[in-house]
Amino acid sequence: MPEENVKVAVRVRPFNSREKTRNAALIIDMNGQSTAIRNPTNGEEKKFNFDYSYWSHDGFKEQPDGAIVPDTSQPNGKKFADQKKVYQDLGDGVLKNAWEGFNSTLFAYGQTGSGKSWSIVGYGINKGVVPLFCENIFKGIDEKKKSGDKTEFEVTFSMLEIYNEQVRDLLDPNGGNKRGGLRIRQHPKSGFYVEDLLVVPVQSYKDIELKMDEGTRNRTVAATNMNATSSRAHTIVGITFVQKFRNAAGEDTTKSALINLVDLAGSERAESTGATGDRLKEGAAINQSLSCLGNCIAALADKSSGKLSVKVPFRDSVLTKLLKNALGGNSKTIMIAAISPADINYEESLSTLRYADRAKQIKTSATVNEDPTDKLIRELQEENEKLKAMLGGNMKMEVMKDDDEDLSEEEIAKLKAEMEEEYKSRLSNNEKEMEEMKKSFEEKLKEAQLLSGDNVQAQINAKKKTTAHMYNLNTDPLLTGHIINFFDTPAEKIGNGKDEGETELILTGPGIAPKHAIVRMEGDKFTLEPGEPNVRLMHNGKAVVDKVELHHNDRVLFGTTQYFVFVHPKERDASKKTYPEVTFEMAQEEIAKHSGFDISSNKSQEEALLQEDVLDLMPAIDNANSISEDLDKKMKFELMIVSPEARGELTGRTEVMIRVINLETKHEWVWPREKFLNRKFVMQEMYQNYLDGETWDLPKEKDPFDEDYSADFHIGSVKVWMQSLAYMIESKVQLDITDFRGAKVGLLNVEVSPCDAKGKEYTEKDDVYVEDPKLLLDKPVHFLFKIVSARGLPTNFTDVYAKYVFYKEEKFTTTEIVKNTSNPDWNHKRVLSFPKAEDDLLNFLKESAVMVQIWGKQKPPKEKKSVNTKMAILADAKAKGGVAAANDNLKRFDAEKVKYMMEVSMLRKRQEKMEAKLRHIRQMLEAATEHKKKKISTDLISKIYTAGTEDQAQKCISLIPKEKGKH
Ligand SMILES: Nc1ncnc2c1ncn2[C@@H]1O[C@H](COP(=O)(O)OP(=O)(O)OP(=O)(O)O)[C@@H](O)[C@H]1O
């Protein structure tokens, strides 16, 4: 069988708005087949060669109809690759292969938002490979038919999603409700397949479009209910193209091709979740399928470079089972690696390029799937006879294993146990397949029409024009507008389906109550009201307590995940207003604004970034809280805005962090954003199991809500400025310790002073004061750094210690640990010696500081007070007077104040020194007058001026009478 390498194309997209806000720099360059990426920190460039390198970053224009085309008047217009170009290179090949009877797989890899869907599916008029391929296949069929070709053509369509290692049939509206998802089976010849997957016959591109819409709608319902981000799911569209004709020998022949189009989940999840250092990093939060795909690709690349003993772990995940053929078997395979052009995504883009680089080494060997139809039926019959015999115990069951698989006894036993079931399934599957083969395509189409909801969809579209309704909003714009609910009854009750009375609209998700809300229709007027007290219900960003009137384009949030936009066609048509298109971001922004955040566009880059983080995290935190409430997990999450100083860091930007509070024990933790998001994925999965009625609670070590109170806790920090040392003046100060929120949590007594090489502190006597730090250049300098004690720390801590990094040190220095007191005395003392002071050091002393962080352990819980999570969170929100518990530490915590305090104390000392010098000069002049001296040697003047101590100065002044040059 001829082997062929996987074809790899890389495509770089334009800057998105996020990258533009961040003033991101372009780090990708493409030239012919090569793609270069520049490391933004050191400027180093790495080059890769691919089958195609598609420049879609700039050099284009948008036509009035929205089509994006090359603009040759721009410098990069010539190399710009539009959708057409990509289709011509990649899609056309797939089409040709399909006609010849080869299987093909096209998959898109890349981080979230890198442009995978753009290439595979496309947006609006800018159609991607899938729609263009589908259009062309039917065009080809029509042409053949017109030319009098007698071949029968059959095209079928299927669409599935892999989320959290479960397969969901996207063409089956109930596909998402099947527990554990659909099963994967293995066929001896064709490999792994999904059992019971709906495969519908289609007759035209229009049919496929409708089916794709249907699939997307089901995907939206599932994603909204599960509160999942679509970028964590893999979507596989399967198209089979069958040609039935009579061959030269006069036999009825079937030529078939399976085309798999795979839109993979965002690649970053597999990598970056590990960076949080959280114990849950190995948990379900990592997309197992994606990391396993990486392992398979690496193993296959090794294999093709000659390492034949390498085992390819296809069986380790659902995705790799289904892509086994695409990667190592009977398929011609293409990978599109999508990358961002921006420096801020350097790591992700580099890892995508490496992935692609490895993938291009993989070899597959596709064969034409063409056989006489009778033979195919005979084979199926024969196989069924065999299966029956084996199931009846007349034949030994052989475990099906690949040459490259090395299974243990245990694994073989397990596989055997699964086999019986598998045989039964295959038996019925084969029977179904034979039946299907005997049926004409017309019969199949007729059946499918009965099953399909095409007409229903057409009716819905017509009704949308005249009847009030609401449509869903999703973070992924491709999933927005697919869930429609009409309001055509006097009162529409909305709830989670657990109410005893009737609920017209059931919504699932965290925070949805049995009687959640009611939408009433009174003539042309619509109103919204909560169905029971304390439900999470928002209207245009504000919490709904009483009845509110609904107007066209209003935004409604039920619980914490179900976002909708209300459409009132009558009001809209009668109004002269132009209504803006509502986006998910807009809906989030208005919620943030009403919770007290300053949302404006007029911001510095740093503020804009912070705003973006706030908007990202606020709904996620609400969501985590409502999951905690529904599962009664006793934990509460709050958003905090934390400056680098408050985090105990010298540099960095103001960030969003999450304060976690145990409502029963009052223990607290502070989580970085990544850790929170990582854990939230696990919370969502836990919640989904709860909804599905499965055992949902997890053991302590896997529970995303669990935290160890005895872990070290960062109580607060102090920034100690070093300026006085630049003048060799000591500084003994008491400074405020501030916590993450910028609140004062105690006082720290610190001292810095110049000393000799042995660490002996200089006294007034051996004054080493310098007027200008430059005078220390190239001289040896030594300092003493003392952390004496802290006073008034919060009483809920013990085992307290301080730690810091001095100047260019890499590791923290830690004081001893002091137990059971909120007034620890550390008496920590350290000599810091620099044999030759350099500019860097002097600059550091003059302008920088040492961050001292105070750490401790929270004390064990006192007697636990049992609380109900929902009630406790509600009480807390009421006490704080708002939904979001955003802190205002930016206003409260003034990092500059400490600097000024220390600067003033240092200036005072410098002034004393200057005044002494002045006094000595004055005394010198007085002595000269008294002794009638007209001249004094410059040598003596300089000695008086630079005298280190009072004694030295007086000694020099007393030499004046002995000076020569009287009268
Ligand atoms: N070649 C391109 N030209 C113009 N815009 C593009 C291009 N590629 C991507 N975009 C834009 O970038 C955004 C993200 O692209 P897309 O949705 O395709 O990313 P994705 O990788 O599929 O993300 P996800 O993993 O979330 O599904 C979209 O708004 C899209 O319009």
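Note that ligands are numbered from 1 as they come in the structure, with each ligand's atoms numbered from 1 the same way. Keep in mind that the numbers below use all heavy atoms, side chains included, and drop hydrogens, waters and symmetry copies. Fair warning: this is a prediction, and the values are worked out from it, not measured in the lab.
Between Pro14 and ligand 1, a contact under 3.5 Å exists for no N or O pair. Not one N or O of Ser56 is nearer than 3.5 Å to an N or O of ligand 1, by distance alone. Polar contact check, Ile68 against ligand 1: no nitrogen or oxygen pair lies under 3.5 Å apart. Checked by distance only, ligand 1 and Ser117 come closer than 3.5 Å through their nitrogen or oxygen atoms.
For the residue pair Tyr205 and Asn136, no side-chain donor N or O sits within less than 3.5 Å of a side-chain acceptor on the partner. Remark: the Glu19 side chain and the Ser340 side chain contain an N/O donor-acceptor pair separated by less than 3.5 Å. Asp263 and Ser117 share a donor-acceptor pair across their side chains, judged by distance under 3.5 Å alone. A donor-acceptor pair shorter than 3.5 Å can be found between the side chains of Thr560 and Ser626.
The shortest heavy-atom distance from Ser114 to ligand 1 is under 4.0 Å. By the 4.0 Å heavy-atom criterion, Gly110 is excluded from the residues contacting ligand 1. Within the structure, ligand 1 lacks Gln83 among the residues with a heavy atom less than 4.0 angstrom away.
Every atom of ligand 1 with a heavy atom of Gln111 under 4.0 Å away is listed here by number and element: 21 (O). The Arg13 neighbourhood of ligand 1 comprises atoms 7 (C), 8 (N), 9 (C), 12 (O), with distances under 4.0 Å to a heavy atom of that residue. The distance from ligand 1 to the heavy atoms of Gly113 drops below 4.0 Å at these ligand atoms: 14 (C), 19 (O), 20 (P), 21 (O), 23 (O), 24 (P), 25 (O), 26 (O).
Taking the six-membered ring for Trp, Phe15 and His57 have ring centres closer than 6.0 Å. Checked against a 6.0 Å centroid threshold, the rings of Tyr355 and Tyr109 count as neighbours.
Note: Phe60 and Phe80 have tilted aromatic rings, judged against thresholds of 30 and 60 degrees for the angle between ring planes.
With a 4.0 Å cut-off on non-hydrogen atoms, Phe60 does not touch ligand 1 at all.
In this structure Phe138 satisfies the ring-ring contact (aromatic ring centres under 6.0 Å, His included) test with no other residue, sequence neighbours excluded.
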